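In this text the structure is predicted, and so the values were computed from the model without any measurement. In this chain, numbering begins with 1 at the start of the sequence shown.
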Amino acid sequence: MHDYFDHVHLADHQRINHFRNYYELTRKDLLIKNLKRMKKNLERENKLLEASMYNFFPPTYALPAEYGLFVEEFKKNPGVWIMKPVGKAQGKGIFLFTKLSQISEWKKDHRWKTESQQVENYIVQKYIDNPYLVGGKKFDLRIYVLVLSYAPLKAYLYRSGFARFTNARFTMKKEDIINNFVHLTNFSIQKHAPTYDSKNGTKWPLLNLKLHMITKHGEKAVHDLFHQIQELITRSLLSVQNVIIQDKHCFELYGYDILIDELLKPWLLEVNASPSLAADTPSDYTLKYGMLEDLLTVVDMERHLTTHSSLKQVGGFDLLVEQGKVDSKGRPSQPLLGCFNDRVEQLRKLRKVVATLGKPLQLLHYKGFLDRFEGGIYIYSAYCTTTFWTTDHVCETPIY
Ligand code: ADP
């Protein structure tokens, strides 16, 4: 990644889909390090209430570096813990355990080797053993966040997302602790379950989940939960704001993994730098295709929206945070996350607004090319185009 930045000169009309040291947010151990540091700084400044708002990650230690600290905590707080390799994804290398001897085995068997040998880094984390269940099954949420800038912080949240369910019913029985079909919600794992239904998949739209929860718990409780999720995301971004190298050519789409427990508390599990854009069902396709289109509209390389500083909504993306601008109204009554996605209607309105300003109009009709590099890095170059469409022409042009 650093190589690309050091050797590729980006012109004004070019954008890259990662920040230089994006891994400060997306590597499991660095995310936790940054969250812990933020919390400690707030405590030091005696901002105890704000510090307590960072209690959205389970007790976590980096191994092997913090093994001693972990053992101390484990003795005070035993039960089920989960080991996750920091450099892997899709549930690979993850296992649950209840006894220290189970990791001593791992220490010997796996990578806990002599100093000269490379050690595989893990995080060890308290397992959330009371997840919120639907139909007896565990799920986690995948939520998309688009960061346009870290200094000042400016991010949009996509209102659609989905819940990823397990195939097997949840249980904390000892003999099932090694059953990944019960405990890990990754689609890459669940699609191999014997009961996997390829026609319907294992995903449920966020909107459906929200409505289901509202019928069970009422609007207030569920809106409060979704507000907490939005605030958790903002705080996670604030915790890396001073660490991530700002570059006006960069933007990044993150995939947040969030677990809800039975007390309706959200927990941040991890942030993915290159969330999967593969579509396994038609509704998955609609969501991801629409989101990518909206992403390019928000990033606005052709500068159609530049006179509108910070639109509150662009397609399915809602402005989540724009630092330096205090919203005096405070929390709106309804969190936008999980709301009905009116992106088509909204884009139609946006076209009209932009058109009245006499600006060139090519929303949703991007001209440019993508260079793909190793490791999911893309550089998008917009063509400089002199032709543009008039309002009339746009009205005649079907959007979809
Ligand atoms: P990966 O990058 O391999 O997907 P995650 O941290 O997202 O790793 O963990 C994979 C899955 O394991 C999650 O989707 C979730 O279902 C489960 N999981 C991870 N950490 C916890 C935890 N602390 N408590 C309960 N379940 C967890």
Side-chain angles (χ1 to χ4, degrees), residues 131-146 155-166 185 187 190 197 199-234 253-262 264-269 272 275-295 297-298 311-320 331-350 399-400:
Y132 187 90
L133 306 178
V134 175
K137 289 172 184 171
K138 175 179 171 175
F139 63 89
D140 73 350
L141 304 181
R142 168 53 59 88
I143 292 164
Y144 297 98
V145 177
L146 171 62
Y156 281 82
L157 177 68
Y158 204 63
R159 51 176 66 184
S160 303
F162 49 86
R164 297 177 298 191
F165 282 85
T166 57
T185 50
F187 175 67
Q190 295 299 331
D197 170 0
K199 198 159 153 253
N200 297 311
T202 56
K203 295 175 186 170
W204 217 26
L206 196 53
L207 173 66
N208 295 19
L209 175 77
K210 198 174 180 183
L211 294 174
H212 168 85
M213 292 181 84
I214 287 175
T215 56
K216 290 195 85 170
H217 308 281
E219 265 193 8
K220 194 188 164 301
V222 177
H223 284 170
D224 192 46
L225 165 68
F226 277 70
H227 272 304
Q228 281 185 58
I229 296 175
Q230 293 187 177
E231 288 163 5
L232 166 171
I233 293 170
T234 303
L253 177 75
Y254 299 108
Y256 273 71
D257 291 349
I258 288 168
L259 189 81
I260 301 169
D261 72 18
E262 62 188 6
L264 300 194
K265 175 179 166 62
W267 295 92
L268 176 59
L269 295 184
N272 292 278
S276 165
L277 295 173
D280 51 279
T281 57
S283 66
D284 216 20
Y285 181 85
T286 308
L287 165 71
K288 287 168 180 172
Y289 188 89
M291 181 186 58
L292 280 182
E293 273 199 326
D294 292 350
L295 178 147
T297 307
V298 181
L311 290 162
K312 286 248 152 79
Q313 184 184 355
V314 180
F317 278 106
D318 296 295
L319 187 64
L320 174 71
R331 251 190 191 184
S333 59
Q334 273 218 25
L336 293 165
L337 179 66
C339 278
F340 173 69
N341 192 344
D342 59 349
R343 60 179 293 274
V344 175
E345 186 53 32
Q346 202 276 335
L347 287 171
R348 229 172 243 144
K349 282 187 198 148
L350 191 56
I399 302 179
Y400 292 105

Exercise for review: Kindly determine whether R142 and N272 satisfy side-chain contact (heavy atoms from CB on, under 4.5 Å), including the steps that lead there.
Suggested key: CA-CA 10 Å; R142 168 53 59 88; N272 292 278; 2.9 Å; yes

Review point. What's the verdict on side-chain contact (heavy atoms from CB on, under 4.5 Å) for I258 and D140, showing C-alpha distance, side-chain angles and the deciding distance?
Key: CA-CA 6 Å; I258 288 168; D140 73 350; over 6 Å; no

**Study point:** side-chain contact (heavy atoms from CB on, under 4.5 Å) assessment of I229 paired with L141
**Key:** CA-CA 10 Å; I229 296 175; L141 304 181; 3.9 Å; yes

Practice item. Walk me through it: do L319 and Q313 pass the test side-chain contact (heavy atoms from CB on, under 4.5 Å)? Key: CA-CA 6 Å; L319 187 64; Q313 184 184 355; over 6 Å; no

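Residues C339 and Q334 approach most closely at SG-OE1, 3.9 Å, considering heavy atoms. Taking both residues in full, the closest heavy atoms of A278 and D284 are given as O-OD2, 3.5 Å, listed atom of the first, atom of the second, then distance. Across all non-hydrogen atoms, the minimal contact from L264 to P266 is O-CD, 3.9 Å. The two residues H212 and W204 make their nearest non-hydrogen contact at CB-CH2, 3.8 Å. A pairwise comparison of heavy atoms in H217 and V222 identifies CB-CG2, 4.2 Å as the closest pair. For L287 against S160, the heavy-atom pair with the smallest separation is CD1-CB, 3.3 Å.
Counting heavy atoms from C-beta on, the side chains of F317 and T297 never come closer than 4.5 Å. You'll find the side chain of L146 stays beyond 4.5 Å of the side chain of M291, heavy atoms only. Looking at heavy atoms from C-beta onward, L225 lies in side-chain contact with M213 at the 4.5 angstrom threshold. Counting only heavy atoms from C-beta outward, the side chains of T185 and Q190 never approach each other to under 4.5 Å. Looking at D294 and L347, their side chains come closer than 4.5 Å, going by heavy atoms from C-beta outward. With a 4.5 Å cut-off on side-chain heavy atoms, T234 and Q230 do not count as touching. Using a 4.5 Å heavy-atom cutoff, the side chains of I260 and F139 are in contact. Side-chain contact between Y144 and L295 is absent, with no heavy atoms from C-beta onward closer than 4.5 Å.
Taken from CD in E219 to CG in L211, the straight-line distance is 9.5 Å, to the nearest 0.5 Å. Separation of atoms CG (L292) and CG (L277) is listed at 5.0 Å; rounding is to 0.5 Å. Residue L232 holds its CG atom at 8.0 Å from OH of Y256, rounded to the nearest 0.5 Å.
The backbone N or O of K265 lies less than 3.5 Å from a partner atom in the side chain of D261, making a donor-acceptor pair. Using modelled atom types, no side-chain atom of R164 and backbone atom of T202 make a donor-acceptor pair closer than 3.5 Å.
A cation-pi arrangement is not found for K137 relative to F165, the charged atom failing to lie both closer than 6.0 Å to the ring centre and inside a 45° cone about the ring normal.
Each of L253, L311, V314 was evaluated against V298; a single residue qualifies, V314, per the side chain to side chain contact (heavy atoms under 4.5 Å, CB included) test. Considering E231, K210, Q228 in turn, K210 is the only one that fulfils the side chain to side chain contact (heavy atoms under 4.5 Å, CB included) rule with P335.
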